[in-house]
Amino acid sequence: MEKVLVKIVSNLTAESSESYISISNLGSEFHRLYGQPITKAIKRFQPSKKFPKFLELCSSLKLYQSKEGRWFVSLN
């Protein structure tokens, strides 16, 4: 699962001038590619984890929270 998310983040940041993306964009792209919500896929691997908490467990990804409370992710 982490490898899939790293690939998506890598592709989305390559298309942008920023080195990070919002986790909502990550979730939308996952849904577009795999036809299911990211939260549903995460629950198969980590039933008790929410999306940001799951991302924190991924050693290849770095999670940020803006002052407004929005979550962003980048490659570590």
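The analysis underlying the following values was restricted to heavy atoms, covering all of them including side chains, and did not include hydrogens, waters or symmetry mates. The chain is numbered in sequence order, starting from 1.
Here Pro37 pairs with His31, Thr39, Lys40 under the side chain to side chain contact (heavy atoms under 4.5 Å, CB included) rule; sequence neighbours left out.
Residue Tyr64 is not grouped with residue Val9 when hydrophobic side chains (ILVMFWY) are merged at heavy-atom distances under 4.5 angstrom, including chains of intermediate members. Cluster annotation: Val4 is connected to Leu33 through the hydrophobic network of ILVMFWY side chains, with a link wherever side-chain heavy atoms come within less than 4.5 Å. Both Leu5 and Tyr34 are assigned to one and the same hydrophobic cluster, defined by single-linkage of ILVMFWY side chains at heavy-atom distances under 4.5 Å. In this structure, Leu63 is a member of the same hydrophobic cluster as Ile8, with clusters built from ILVMFWY side-chain heavy atoms closer than 4.5 Å.
Between Ser74 and Ser19, the shortest heavy-atom distance links the atoms CB-O, 3.1 Å. The minimum heavy-atom distance between Phe72 and Tyr20, with the atom names listed, is CD2-CD1, 3.6 Å.
At a cut-off of 3.5 Å, with distance as the only test, a side-chain donor of Ser66 or Glu68 sits close to an acceptor on the other residue.
Leu12 places none of its side-chain heavy atoms less than 4.5 Å from the side chain of Glu18. With a 4.5 Å cut-off on side-chain heavy atoms, Ile38 and Leu26 do not count as touching.
Note that the CD atom of Glu29 and the CD1 atom of Ile21 stand 8.0 Å from one another [nearest 0.5 Å].
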Output side-chain donor-acceptor pairs under 3.5 Å for residues 48-61, partner residues at least two apart or in another chain, one line each.
from  : atom 1 : to   : atom 2 : distance (Å)
Ser60 : OG     : Glu2 : OE2    : 2.9

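Within a 6.0 Å sphere centred on CZ of Phe30, other residues, nucleotides and ligands contribute more than 12 heavy atoms.
The main-chain N or O of Val6 is never found under 3.5 Å from a side-chain atom of Ser10 such that the two would form a donor-acceptor pair.
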